[in-house]
Trainee: 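Below is one structure. I have some questions about it.
Atoms within each ligand, like the ligands themselves, are counted from 1 in listed order.
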Amino acid sequence: MQSMILKGLIAFFFALILTLVQAKPIDVAKRDVWSPHILYPHQGTVWQVGNRHNVTWDTSNHPVNITNKIGLILLRFDGETTPLILANGFSVLDGKVEVTVPWVVNSNNYSIILFGDSGNDSENFSIEGSGVDF
Ligand SMILES: *[C@@H]1O[C@H](CO)[C@@H](O)[C@H](O)[C@H]1NC(C)=O
Ligand SMILES: *[C@@H]1O[C@H](CO)[C@@H](O)[C@H](O)[C@H]1NC(C)=O
Ligand SMILES: *[C@@H]1O[C@H](CO)[C@@H](O)[C@H](O)[C@H]1NC(C)=O
Ligand SMILES: *[C@@H]1O[C@H](CO)[C@@H](O)[C@H](O)[C@H]1NC(C)=O
Ligand SMILES: *[C@@H]1O[C@H](CO)[C@@H](O)[C@H](O)[C@H]1NC(C)=O
């Protein structure tokens with residue numbers, strides 16, 4: 001009887017571990033239906049660490065039915081998406097969301113990527129004010 005409970009427990013934990021291992025990260029490739037063009041920030045924009053800004057994007061040509069209108073904005077550096085979240089849980093139909101500039105090294109190689117139904121990145125811009133050059 002005890003060994004059966006033990007076996008059950010072991011099976012349960014195996015299943016739990018498998019579930020955790022299989023939990024997938026955000027799949028960038030599968031979200032490419034609507035790509036709203038980011039208007040701000042753009043080339044020439046300089047953000048200071050700790051300041052707040054409204055990221056804005058063009059909502060004029062969105063499809064009638066959007067499968068996922070919950071937005072996510074991540075910071076990109078040197079052309080690569082970082083795990084740093086600038087905004088999450090807003091509607092991609094809003095056309096803007098306020099973000100706080102994160103504490104990151106000074107660089108002109110930042111951009112942002114906006115996900116909803118899709119993903120599109122901004123032009124490269126600068127973040128300054130940390131006092132640390134990359
Ligand atoms: C991002 O938006 C621009 C401007 O609308 C468009 O030209 C570009 O193809 C889009 N990028 C992607 C990956 O959809
Ligand atoms: C962002 O836009 C909202 C609404 O237009 C405004 O109230 C807010 O002050 C703006 N934030 C910044 C940092 O400009
Ligand atoms: C959008 O969704 C509605 C409700 O599900 C449906 O009636 C309509 O045909 C859809 N329109 C398009 C263009 O897919
Ligand atoms: C931004 O910078 C990265 C790295 O230098 C580059 O790969 C990418 O093409 C640039 N993006 C734009 C929109 O210029
Ligand atoms: C930004 O990227 C360009 C092209 O890859 C590179 O030449 C430049 O040194 C980078 N700037 C910084 C501040 O990392």
Trainee: Among Arg52, Lys96, His53, Glu98, which one puts a heavy atom closest to atom 12 (C) of ligand 2?
Mentor: Glu98

Trainee: Is the side chain of Ser122 donor-acceptor paired with the backbone N or O of Ser111 at a distance under 3.5 Å, no angle test?
Mentor: no

Trainee: Tell me: protein heavy atom nearest atom 1 (C) of ligand 2, and distance?
Mentor: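 Heavy-atom neighbour on the protein nearest atom 1 (C) of ligand 2: Asn54 ND2, 1.6 Å.
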
Trainee: Answer yes if a protein heavy atom lies under 4.0 Å from atom 7 (O) of ligand 2, otherwise answer no.
Mentor: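 Answer no: nothing from the protein, no heavy atom, is under 4.0 Å.
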
Trainee: Start with the C-alpha distance between Asn54 and Thr56, add both sets of side-chain angles, then the distance that settles side-chain hydrogen bond (donor to acceptor under 3.5 Å, both in side chains), and finish with yes or no.
Mentor: CA-CA 6 Å; Asn54 280 317; Thr56 61; over 6 Å; no

Trainee: Can you measure from CG (Asn108) to CG (Asp78) and round to the nearest 0.5 angstrom?
Mentor: 9.5 Å

Trainee: Report the relative orientation of the aromatic rings in Phe134 and Phe77; use parallel for angles under 30°, tilted for 30 to 60°, perpendicular for over 60°.
Mentor: perpendicular

Trainee: Using a strict 4.0 Å cut-off to heavy atoms of Asn124, name the atoms of ligand 4 that fall inside it.
Mentor: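 This gives 1 (C), 2 (O), 3 (C), 8 (C), 10 (C), 11 (N), 12 (C), 14 (O) as the contact atoms.
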
